[in-house]
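Only this structure's heavy atoms are used, side chains among them; waters, hydrogens and symmetry mates stay out. Numbers for residues simply follow the sequence, beginning at 1.
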Amino acid sequence: MKAIHSNTPNQASAAEYPMNTQLIDSLIQVIESLTPEENKLLRTKLHARTIQKTPGVCGGHARIRNTRIPIWTLVSFHQQGADTEELLRNYPSLIPADLDAAWAYYQDNQYEIDQIISTDDTDNLAHG
């Protein structure tokens, strides 16, 4: 039996589980065959896995999963001129797909996010 050397316990080497290129090719074919409506649903479901709402975390507002980075904060900074590179530099735990999910969430929930930003701006003016 061949020993597995790994820095992480219970982590198998890539050689033990080779990439299933046939599966990947099949998935690409399925995705490419989706109608625009099905494609939108797929993107929504994938982005939904990135966005979480948890009572007691970030005021229960939508946030990037497993972080305390609310969507409204990213949107607000973006509206103030921060580009993708700046946001990724300031939030090194995020990846571009997280920002894509944030922008998609905002597109689908603009009123909610704008209300939060508006309330935050009003609070800052009242207390600042």
Side-chain angles (χ1 to χ4, degrees):
M1 181 177 207
K2 189 167 133 182
I4 299 173
H5 299 303
S6 171
N7 293 336
T8 308
N10 300 324
Q11 181 182 3
S13 70
E16 277 191 64
Y17 299 102
M19 188 178 304
N20 187 338
T21 56
Q22 185 177 1
L23 174 63
I24 300 300
D25 290 341
S26 296
L27 288 171
I28 290 170
Q29 287 179 348
V30 169
I31 291 168
E32 288 176 341
S33 71
L34 295 175
T35 66
E37 295 80 18
E38 291 167 335
N39 193 297
K40 182 177 180 183
L41 178 61
L42 174 64
R43 284 184 296 119
T44 300
K45 288 188 176 267
L46 288 173
H47 288 150
R49 293 178 178 267
T50 302
I51 308 300
Q52 293 176 326
K53 282 186 173 183
T54 307
V57 179
C58 296
H61 299 302
R63 62 188 171 88
I64 302 295
R65 83 170 168 277
N66 302 327
T67 73
R68 292 183 175 267
I69 304 171
I71 302 306
W72 70 265
T73 299
L74 297 171
V75 169
S76 179
F77 285 145
H78 189 65
Q79 289 173 342
Q80 295 172 50
D83 62 12
T84 298
E85 291 77 24
E86 183 177 357
L87 291 169
L88 293 173
R89 207 171 32 254
N90 289 327
Y91 295 97
S93 65
L94 298 184
I95 60 173
D98 294 329
L99 294 180
D100 291 343
W103 310 150
Y105 184 88
Y106 178 63
Q107 184 177 8
D108 293 340
N109 301 278
Q110 189 170 352
Y111 180 78
E112 169 196 341
I113 299 300
D114 287 345
Q115 286 295 111
I116 296 166
I117 292 170
S118 176
T119 301
D120 185 64
D121 288 345
T122 304
D123 287 347
N124 286 337
L125 288 173
H127 296 96

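The side chain to side chain donor-acceptor pair (under 3.5 Å) test applied to T73 returns no partner, not counting sequence neighbours. Residues meeting the side chain to side chain donor-acceptor pair (under 3.5 Å) test with R89, sequence neighbours left out: none.
Side-chain contact between D98 and I95 is present, with heavy atoms from C-beta onward closer than 4.5 Å. Taking 4.5 Å as the limit, every side-chain heavy atom of Q52 sits out of range of all side-chain heavy atoms of V57. Using a 4.5 Å heavy-atom threshold, the side chains of W72 and D114 count as separate. Residues I113 and Y105 have side chains in contact (heavy-atom distance under 4.5 Å, counting atoms from C-beta outward). The side-chain heavy atoms of L74 and Y91, taken from C-beta on, include a pair separated by under 4.5 Å. The shortest distance between side-chain heavy atoms of H78 and Y106 does not fall below 4.5 Å.
The hydrophobic cluster containing L34 also contains L46, counting ILVMFWY residues as joined when their side-chain heavy atoms lie under 4.5 angstrom apart, directly or transitively.
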Using the side-chain contact (heavy atoms from CB on, under 4.5 Å) rule, take I116 and V75 through it: C-alpha gap first, then chi angles, then the decisive distance, then the call.
CA-CA 11 Å; I116 296 166; V75 169; over 6 Å; no
Could you walk me through whether R63 and T54 pass the side-chain contact (heavy atoms from CB on, under 4.5 Å) check?
CA-CA 9 Å; R63 62 188 171 88; T54 307; 2.8 Å; yes
Please evaluate residues L87 and L99 with respect to the criterion side-chain contact (heavy atoms from CB on, under 4.5 Å), reporting the C-alpha separation (whole Å), side-chain torsions for both, the decisive distance (0.1 Å), and the verdict.
CA-CA 9 Å; L87 291 169; L99 294 180; 4.1 Å; yes
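Among all heavy-atom pairs drawn from A82 and E86, the shortest one is CA-OE1, 3.4 Å. Across all non-hydrogen atoms, the minimal contact from S93 to T67 is OG-CG2, 4.4 Å.
Between D108 atom CG and R43 atom CZ the span is 8.5 Å, to the nearest 0.5 Å. To the nearest 0.5 Å, atoms CG (D100) and OG1 (T84) are separated by 7.5 Å. A distance of 3.5 Å separates NZ of K53 from CD of E112, quoted to the nearest 0.5 Å.
Side-chain contact, T119 with Q115: no donor N or O sits under 3.5 Å from an acceptor N or O.
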Enumerate donor-acceptor pairs with a distance under 3.5 Å from any side-chain N or O in residues 21-33 to protein atoms, sequence neighbours excluded.
{"from": "S26", "atom 1": "OG", "to": "Q22", "atom 2": "O", "distance (Å)": "3.0"}
{"from": "S33", "atom 1": "OG", "to": "Q29", "atom 2": "O", "distance (Å)": "3.4"}
{"from": "S33", "atom 1": "OG", "to": "V30", "atom 2": "O", "distance (Å)": "2.8"}

